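Read the structure below first, then the notes.
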2 protein chains.
Amino acid sequence: MAKSKSTNPGSGATDQRILGAALESFGIKGYDQTSLDSLASSLGLTKQSILYWFSSKDELLAATIDMGARQLTEALQYQLSLPTEGWDRVEAVVKVIFRLAARRPELIGLVREVTRLGPPATTRMAEALEPLLKRASGFFELEMAAGRMRRHEPKLLLMTAYSAVTGMASDVEVLKALGEQQDARSFVRRRNELLRLLRDALVSERLEDR
Amino acid sequence: MAKSKSTNPGSGATDQRILGAALESFGIKGYDQTSLDSLASSLGLTKQSILYWFSSKDELLAATIDMGARQLTEALQYQLSLPTEGWDRVEAVVKVIFRLAARRPELIGLVREVTRLGPPATTRMAEALEPLLKRASGFFELEMAAGRMRRHEPKLLLMTAYSAVTGMASDVEVLKALGEQQDARSFVRRRNELLRLLRDALVSERLEDR
DNA sequence: GGCATTGTCTACCATATGGTAGACAGAGTT
DNA sequence: AACTCTGTCTACCATATGGTAGACAATGCC
């Protein structure tokens with residue numbers, strides 16, 4: 001396992017720099033397409049230094065997953081702490097995720113990549129994100145019970161929203177194939193369209209107030 | 001390029017057998033995880049025989065994409081030829097796709113994998129599926145113009161539906177992480193839940209008749 | 001100063017993999 | 001029978017890649 005000697009001088013502990021580069025590369029280029037050599041040289045190191053901190057590529061992936069899940073959770077923390085409810089809350093969270101997808105595409109990419117890799121990587125990510133998922137699931141249940149949203153299976157609703165958001169955020173090539181631009185304005189337009197779609201699916205017209 | 005000598009005796013032309021195995025393996029295990037050696041040995045051949053029919057792995061992928069897109073199109077052909085309209089048509093098509101996902105998971109997997117690989121593979125797949133996408137896009141526009149569905153951007157609606165369906169169909173590990181079973185009954189339940197979600201999003205309550 | 005610890009590097013290694021060169025067997029043709 | 005074409009195989013190669021072994025410099029402790 002990693003040495004994790006985080007009390008280090010200099011421009012940041014080496015292991016943290018490695019993790020940062022790994023998150024970037026695993027999330028954007030993918031696990032297979034990331035060689036320890038290229039990762040090391042991008043940091044001005046050699047592969048052996050990486051293997052000093054992380055005893056194998058698999059272990060580096062595991063540590064990267066932990067970090068990615070932590071950052072994802074942290075990014076949502078603030079918004080989730082606000083006492084919003086109903087559709088407004090869904091909208092606010094989706095907006096945070098889209099902002100994240102724009103600013104930190106590697107984070108969303110990592111989630112995608114890890115689900116692709118299968119166990120044990122997927123299992124690890126799933127466990128790390130479990131609290132978040134449980135929270136979301138519980139939220140939907142409450143909203144439905146309160147009659148503010150249409151009845152759906154919370155898990156499958158989550159799954160659909162997850163697929164839609166990550167797809168919209170990371171299936172860049174599919175979007176291009178559909179003739180979609182990639183500039184910031186189109187990005188916001190897509191976000192708003194997805195929100196409208198979700199709202200139409202979740203909020204029954206009788207209860208809408210806008 | 002391939003020799004494509006389809007007028008051949010025996011249990012099927014070798015190139016077709018290779019393509020079949022490639023579709024299976026690329027779609028399930030992925031492109032990188034499929035070596036020409038393993039592909040060949042699963043066919044009782046050697047790698048060199050594959051390279052006789054397809055001059056490189058990339059070219060094999062291209063041919064596999066063409067075949068996959070063709071099979072996908074064919075699978076939808078019949079349902080699309082029926083004179084249905086409105087929500088019923090959407091539902092019928094989604095059901096066909098889910099059935100396909102159950103019976104030929106490698107086909108959906110290939111689409112997923114190819115979008116991940118980026119150009120030129122993605123471009124090829126996109127071009128091959130373009131007629132299908134255009135048809136779907138036009139259908140939604142007509143339905144919206146006729147007032148049978150809520151107004152949404154057809155392309156983004158398609159993108160969302162695509163993400164949701166392929167996610168539901170191939171993100172098996174995510175589903176497991178959410179505590180979802182993988183038996184046939186759960187599969188149908190997920191399909192029906194997704195359909196309800198889509199219907200709520202697309203069909204306004206004033207126009208529903210069931 | 002001596003010594004242990006830490007972190008990085010040079011040198012190698014084993015293996016997997018895409019691809020090339022060319023031998024060779026069988027079938028059809030003349 | 002000689003010849004050509006087709007399809008498969010054996011042998012080989014170049015390269016990339018994860019990982020091991022151990023040298024070496026710096027740092028801090030005694």
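In the text below, chain A, chain B and the rest are named by the order of the sequence lines, each starting its count at 1. In this text the structure is predicted, and so the values were computed from the model without any measurement.
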State whether A/D200 and B/R199 are salt-bridged, where the test is any N-O pair (Lys NZ or Arg NE/NH1/NH2 against Asp/Glu carboxylate O) under 4.0 Å.
-> no
Charged N-O contact under 4.0 Å between B/D171 and B/R112 = yes
Are any of the side-chain nitrogens in B/R189 or B/E180 under 4.0 Å away from the carboxylate oxygens of its partner?
-> yes
CD1 of A/I50 versus P of D/dT20: gap in Å, rounded?
-> 14 Å
Closer than 4.0 Å, any side-chain N/O of B/T14 to the OP1 or OP2 of D/dT8?
-> yes
Rounded to the Å, how far apart are A/D15 CG and C/dG7 P?
-> 9 Å
OP1 or OP2 of C/dT8 less than 4.0 angstrom from a side-chain nitrogen or oxygen of A/T46, does that happen here?
-> no
Please state whether the phosphate of C/dT6, meaning OP1 or OP2, lies under 4.0 angstrom from any side-chain nitrogen or oxygen of A/W53.
-> no
Can you tell me if the side-chain N/O atoms of A/Y52 get under 4.0 Å from OP1 or OP2 in C/dG7?
-> yes
Just the table, please: protein N/O against nucleotides 14-18 of chain D N/O, every pair under 3.5 Å.
unit_1, atom_1, unit_2, atom_2, d
D/dG18, OP1, A/K57, NZ, 2.8
D/dG18, OP2, A/L36, N, 2.9
D/dG18, N7, A/K47, NZ, 2.9

Are B/K155 and B/E153 close enough for a salt bridge, meaning some N to O gap below 4.0 Å?
-> no
Just how far, in rounded Å, is C1' of C/dA11 from CD of A/Q48?
-> 9 Å
Just by distance, with hydrogens left out, do A/R104 and A/Q71 show a side-chain donor and acceptor under 3.5 Å apart?
-> yes
Check: B/Y52/B/D15 side-chain N/O donor and acceptor closer than 3.5 Å = no
